[in-house]
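One is the number of the first residue; the rest follow in order along the sequence. Predicted, not measured: the structure shown is a model, and the values here were computed from it.
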Amino acid sequence: MPVNVEIKARAPDWAAQLKRGLALADRTERLRQTDTFFNCANGWLKLREQGRAGACLIFYRRAGLKGPKTSSYTLVPLPRPKR
């Protein structure tokens, strides 16, 4: 399984931080996505829909601790979901 590191931080001056980040980036991309979460007893499960880019199911596990945390995950690409 691939591993992701999640770090959550406060952004007291978002405009300045965004400007600095854009100056450091070699490219940018705007993503539009909708995540729908499902109850899952042994981890997290969500459906991520990204318009024309398609959709995928993402299952992951991570500790419920404060601070940086790693999670292992599995992505399953899906055909366009029906509602």
Side-chain angles (χ1 to χ4, degrees):
M1 277 188 176
V3 175
N4 184 53
V5 177
E6 179 179 300
I7 300 172
K8 293 188 178 184
R10 296 191 185 276
D13 187 352
W14 176 246
Q17 288 168 272
L18 178 60
K19 183 177 179 180
R20 175 94 171 130
L22 290 172
L24 293 171
D26 60 344
R27 70 179 184 87
T28 62
E29 181 179 2
R30 183 171 294 218
L31 300 174
R32 292 182 184 242
Q33 62 191 37
T34 301
D35 289 342
T36 303
F37 292 85
F38 301 92
N39 290 329
C40 186
N42 60 352
W44 301 84
L45 180 65
K46 66 182 168 185
L47 169 65
R48 173 163 289 163
E49 298 173 272
Q50 297 177 305
R52 291 185 181 144
C56 63
L57 279 174
I58 304 170
F59 172 78
Y60 57 103
R61 289 187 176 115
R62 74 166 177 245
L65 306 172
K66 289 187 176 184
K69 38 188 145 308
T70 59
S71 60
S72 48
Y73 63 94
T74 302
L75 297 174
V76 180
L78 299 173
R80 293 186 184 256
K82 295 179 181 175
R83 294 202 173 249

For Lys69, salt bridge (charged side-chain N to carboxylate O under 4.0 Å, His left out) partners two or more places apart
none
Show every donor-acceptor pair shorter than 3.5 Å between a side-chain atom in residues 13-25 and any protein atom, with sequence neighbours excluded, or say none if there are none.
residue	atom	partner	partner atom	Å
Asp13	OD1	Ala16	N	3.4
Gln17	OE1	Asp13	N	3.3

Let me confirm one number: the CZ-CD distance from Arg32 to Gln50, rounded to the nearest 0.5 Å.
13.0 Å
Compare every heavy atom of Phe59 with every heavy atom of Cys40, then report the nearest pair and how far apart it is.
SG-CE1, 3.8 Å
If you take all heavy atoms of Arg61 and Asn42, which pair is closest and at what distance?
NE-O, 3.0 Å
Looking only at heavy atoms, which two atoms of Phe38 and Lys46 are closest? And how far apart?
CD1-CA, 4.3 Å
Set of residues satisfying side chain to side chain contact (heavy atoms under 4.5 Å, CB included) with respect to Glu29, sequence neighbours excluded
Arg27, Leu31
Pairwise distance OG1(Thr74) to OH(Tyr60) - rounded to 0.5 angstrom
12.5 Å
Please write out which residues are connected to Val5 in a hydrophobic cluster, directly or through intermediates, given that two of Ile, Leu, Val, Met, Phe, Trp, Tyr count as joined at side-chain heavy-atom separations below 4.5 angstrom.
Ile7
For Thr70 against Val3, the heavy-atom pair lying closest together:
CB-CG1, 4.0 Å
Residues at least two apart in sequence or cross-chain that pass side chain to side chain contact (heavy atoms under 4.5 Å, CB included) with Asn39, listed by chain then number, are none
Quick one, Asn4 and Arg62 - any side-chain contact, counting heavy atoms below 4.5 Å?
no
The side chain to side chain contact (heavy atoms under 4.5 Å, CB included) partners of Leu75 (sequence neighbours excluded) come to Cys56, Ile58, Tyr73
